[in-house]
Engineer: 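Structure incoming, see below.
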Amino acid sequence: MRYGYGLPPSYTLIIAEKPRAAEKIAKALDPHAVKGRLRGVPYWVIRWNGRPAVVASAAGHLYSLYTDRRGWPVFEYRWVPRYVAEPGSSHTKRFLEALKVLAQRAHTTINACDYDIEGSVIGYLIIKFLLPGRRVFRAKFSSLTRSEILRAFRSLGSLDHEMVEAGLCRHELDWMWGINVSRAISDLMSDALGKKVILSAGRVQSPTLLRAVTRIIERRLFVPLPRFYPRVQVRVGNKLLGLEYDDEPFTSRSSAAEFVKCIREEGYVRVTEVRIEEKRVLPPHPFNLPDLQKEAGQILRFSPYTTQKLAEDLYLEALISYPRTNSQKLPPTLDNRGVLKALSRNPRYRSLIASLLLETRGILRPNNGPSYDPAHPAIYPTGEGSAKRLSKKHLALYDLIVRRYLATFAQPAVLRSVTVYVSACGRRFRISTLRVVREGWYRYYPYHRPREGEGIPQELLKRGAKIPVAKASYSIRYTKPPPPPTRLELLRWMESVGIGTESTRAEIIEVLFRRGYVVARSGRIDVSDLGLAVASLLQEFFPQLVEVELTRRFEEYVEAIRARKLRCREVVEEAKKVISGSLERFRSSYRKALEEVPSFIPVAGAGDRCRLCGRRAVSRSLCRIHLEAYRRVVEAYEEWRRAGFSKEEYLDRIRRLKSVGQYIREVVEALGSEILRELS
DNA sequence: GCAAGGTC
Ligand SMILES: [Zn+2]
């Protein structure tokens, strides 16, 4: 084997971000591409413009920032192969070794990683370490279709230095913040707890933790308030019909009773408005990952992380397109007819697809959404691969993706809603119903189909009509705390405030679990004492890191570096100053911070203890949080008193209501008589 | 060991 591995004596090396992309590039540039393997890693030998070339692949980041220094502050770091920094990632070693071999005879190299900031960094680091001194180009494509690849390779650019510098800088900033603050709080908690703990903090995970903590504290300190809702039934013919109250609730028993009395005396309600509306509901947008995670969460009860893992499997089986995308747009060049034809080989979809082709007369226009991704289109089924050997969960997710894809081409659904508003003693009630007039896309993707209601009697459909009252009363309901966070809710929050990426959000939520900051019981997230302590520490000593704004600043830096208005070195120097300053302040308040810990976590020998939980007491032998609960129980009574409750009745209800916050319940159960005295 | 970002 003269050239070894069947490689040409010299060639251009084209580097893709992942094997799937390498394959597409190779086949677009040369339909006769020949596949080879090195260390199990695929590559393709092609002829391109009459010359030999090899298309090889990374597997995402193959290098990582690393330091061998211990302790903090630490600002010395360098790029090393990822398998050095993270011994768990042995596959990166195989990819790197394959690239090392393929690099030897390359005279020229093309960074053909995804055309986004990370792709620029991934390719740059490989070229820097394995291909020094070669001629370098950057391929810039916005999708991996044949025509777009050909276009990009006809107009290769020079290496995008600005983009690379911006990307490297983002990595450094995250590293400096994350590693330093993680080490600082790990040391502190280890000292406080008397055992070694490894904790973490970062630009994305810490605001997410704070979000969960804030919600949980709100729930634990929640005192429900009484609200009174009128209940009215009217008589139409010989039928009784309940009205839905559509106005502000009453805040006292007496005002509600007075209102009921008024209605009874009046004896009728009057129809004030009849609203008949026909609404077109447009078909859904093609899936991006956040939408897929949301729908799979609500329809299939999958966690965002599960959905992502299953989608990655489907992608690797070639059943669906690349899933880690934010785009809601199908590629304009996608042969949808071909995909449908391939999909209808599956008996499960045959009749649906036949009806779709009929109703669209074969004109397949997707309802593309506004969300955009620089490197990948929306998720769609390829029609390739076999869905036969899939697990139940894989199959369920695949089915969701296929149906969503079909639905986006379908007709809008049409709903007809009738709402009758009636008024009684100056307050508004209503009765409404809904019918699906045209099924449209619900046929393909039925999960959003609304429940249809019963018809409304003719007598009510006349403005000014007087309808006799049959029954009137009121019921008491209590205000509700905000719902407990779920993984899906946290993910959607991260997306809405713009932190993390499609590839990282679900994983970062799992990090909060691994650190023991949060736990989940039947899907509902709860925060541990450790999570509360860490969130509070970060808020006090590293407030920038728990705020979403840090990401906005990073984005500004990245933009400025790309525009050459700033250089990475300046940004890093500035960040170093800020982080060093925070770390110094933390160091000088270390003893004070150490003393804060027992306010969150019961630890031995912490002096005066809370009588309810063993945390450090601040006053009246209560910890900070139980003292706050005590204050709120006392404060809330005023509203209950005005609603018509005695203080005994109040405490009794608080003991029994399920929505009462945990801290509130603990205080009332243990200190009922004390609170009763305070209320006098 | 700690981040966040890729992908297997
Ligand atoms: Zn306490």
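For the numbers below, each heavy atom of this structure counts, side chains included, while hydrogens, waters and symmetry mates do not. Here is the naming used below: chain letters follow the sequence lines, and residue numbers restart at 1 for every chain.
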Engineer: Quickly work out the A:F75 CZ to B:dA3 P distance and round it to whole Å.
Structural biologist: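 So the two atoms are 16 Å apart, to the nearest Å.
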Engineer: Within this structure, what is the CG-to-P distance between A:L96 and B:dT7, rounded to whole angstrom?
Structural biologist: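 Whole-Å distance recorded here is 17 Å.
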Engineer: How long is the line joining OH of A:Y77 and P of B:dG5, in whole Å?
Structural biologist: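 My rounded result for the distance is 17 Å.
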Engineer: Once you round it to whole Å, what is the distance between C1' of B:dG6 and OH of A:Y83?
Structural biologist: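 Rounded to the whole Å, the gap is 18 Å.
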Engineer: In terms of side-chain heavy atoms of A:L65, which of B:dG5, B:dG1, B:dA3 is nearest?
Structural biologist: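 Among B:dG5, B:dG1, B:dA3, the one nearest the side chain of A:L65 is B:dA3.
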Engineer: Below 4.0 angstrom from OP1 or OP2 of B:dG5, is there any side-chain N or O of A:T504?
Structural biologist: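 Answer is yes, contact under 4.0 Å.
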Engineer: Please state whether the phosphate of B:dT7, meaning OP1 or OP2, lies under 4.0 angstrom from any side-chain nitrogen or oxygen of A:Y322.
Structural biologist: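 It does, given that an N or O in the side chain of A:Y322 lies less than 4.0 Å from OP1 or OP2 of B:dT7.
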Engineer: By nearest atom, which of the nucleotides B:dG5, B:dG1, B:dG6 is closest to the A:I508 side chain?
Structural biologist: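 Looking only at side-chain atoms, A:I508 lies closest to B:dG5.
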Engineer: Check every atom of B:dA3, B:dG1, B:dG5 against the side chain of A:R183 and return the nucleotide holding the closest atom.
Structural biologist: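 My answer, after comparing the listed nucleotides, is B:dG1.
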Engineer: Whole Å only: how far is the CD1 atom of A:I126 from the P atom of B:dT7?
Structural biologist: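 Going from A:I126 (CD1) to B:dT7 (P), I get 12 Å.
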Engineer: Among B:dC2, B:dT7, B:dG6, find the nucleotide with the atom closest to the side chain of A:K18.
Structural biologist: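 Among B:dC2, B:dT7, B:dG6, the one nearest the side chain of A:K18 is B:dT7.
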Engineer: In whole angstrom, give the distance that lies between atom CH2 of A:W79 and atom P of B:dG6.
Structural biologist: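 In whole Å, B:dG6 P and A:W79 CH2 are 12 Å from each other.
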Engineer: Quick one: is A:R203 getting a side-chain N or O under 4.0 Å of the B:dG5 phosphate, OP1 or OP2?
Structural biologist: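 Yes, within the criterion.
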Engineer: Taking only residues two or more places apart in sequence, or in another chain, which ones meet A:R585 in a salt bridge (charged side-chain N to carboxylate O under 4.0 Å, His left out)?
Structural biologist: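 Listed in chain order: nothing, the list is empty.
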Engineer: Should A:R324 be listed as having a side-chain N or O under 4.0 Å from OP1 or OP2 of B:dT7?
Structural biologist: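 The answer is yes; a side-chain N or O of A:R324 sits under 4.0 Å from OP1 or OP2.
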Engineer: Let me check something: any side-chain donor-acceptor pairs from residues 109-120 of chain A under 3.5 Å, sequence neighbours excluded? List them with distances.
Structural biologist:
unit_1, atom_1, unit_2, atom_2, d
A:T109, OG1, A:L13, O, 3.1
A:N111, OD1, A:C113, N, 3.0
A:D114, OD1, A:K18, NZ, 3.2
A:D114, OD2, A:K18, NZ, 2.7
A:D114, OD2, A:H376, NE2, 2.8
A:D116, OD1, A:E118, N, 3.4
A:D116, OD1, A:G119, N, 2.8
A:E118, OE1, A:H61, NE2, 2.7
A:E118, OE1, A:H171, NE2, 2.8
A:E118, OE2, A:R170, NH2, 2.8
A:S120, OG, A:D116, O, 3.3
A:S120, OG, A:R138, NH2, 3.2
A:S120, OG, A:D160, OD2, 2.6

Engineer: Tell me whether the side-chain N/O atoms of A:R515 come closer than 4.0 Å to OP1 or OP2 in B:dC2.
Structural biologist: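 True: A:R515 side-chain N/O within range (under 4.0 Å) of B:dC2 OP1/OP2.
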Engineer: In terms of side-chain heavy atoms of A:S186, which of B:dG1, B:dT7, B:dG6 is nearest?
Structural biologist: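 Looking only at side-chain atoms, A:S186 lies closest to B:dG1.
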Engineer: Of the options B:dC2, B:dT7, B:dA4, whose atoms approach the side-chain atoms of A:V204 most closely?
Structural biologist: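 Selected nucleotide: B:dA4.
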Engineer: Find the distance A:L188:CG to B:dC2:P and express it as a whole number of Å.
Structural biologist: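 My rounded result for the distance is 18 Å.
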